[in-house]
Amino acid sequence: LNDHPDPSLKRSILESVLICGGGGCIPGLGERVLQDMRAQLPSSLVPTLCQLPEYMAVQSPQYVPWVGGAVMAKLVAHQGHFMIKAEYEEVGPSAVHRKCA
């Protein structure tokens, strides 16, 4: 990221760090990530962590992957991109490419 040609994009990325999934629940992880990033960046770039939205309960991060998976499953089902195991076993990995292309 230090060698990225677009400084405004680099700044935007570093000012919007998001830690998600079960690992995001590790106490002190956010502060540690920020500390490590600050140590490697020039002082003109100030990394920040995105905070949980006010409407999201503190316990929510541990369930975010499940919620995201449920949303994706619902979207995929409506777009006809789902496949059953027998279909995959019959055609193999190319079935995924054919369905999702």
Side-chain angles (χ1 to χ4, degrees):
L1 194 57
N2 281 335
D3 298 328
H4 197 282
D6 185 352
S8 63
L9 181 61
K10 180 165 67 171
R11 178 178 296 278
S12 177
I13 291 170
L14 292 170
E15 290 175 347
S16 323
V17 176
L18 177 65
I19 298 173
C20 56
C25 298
I26 298 171
L29 178 66
E31 292 78 19
R32 174 62 190 271
V33 168
L34 285 176
Q35 178 184 356
D36 290 349
M37 289 175 70
R38 287 181 187 125
Q40 296 182 26
L41 295 170
S43 59
S44 61
L45 293 175
V46 182
T48 56
L49 285 176
C50 296
Q51 298 300 315
L52 280 177
E54 293 176 7
Y55 60 83
M56 191 175 280
V58 176
Q59 300 86 355
S60 294
Q62 64 188 10
Y63 302 114
V64 169
W66 292 101
V67 173
V71 170
M72 271 304 282
K74 190 169 189 155
L75 291 172
V76 168
H78 288 294
Q79 295 175 359
H81 292 281
F82 64 91
M83 96 177 30
I84 60 173
K85 182 178 178 184
E87 187 178 2
Y88 180 84
E89 289 174 343
E90 178 182 328
V91 180
S94 64
V96 176
H97 298 288
R98 188 175 63 235
K99 281 269 192 176
C100 299

Student check: side-chain heavy atoms of M83 and V91 closer than 4.5 Å: no
Just distance, no hydrogens or angles: give the donor-acceptor pairs under 3.5 Å from side chains in residues 26-38, sequence neighbours left out.
from	atom 1	to	atom 2	distance (Å)
R32	NE	D36	OD1	3.2
R32	NE	D36	OD2	3.1

Set of residues satisfying salt bridge (charged side-chain N to carboxylate O under 4.0 Å, His left out) with respect to E89, sequence neighbours excluded: K85
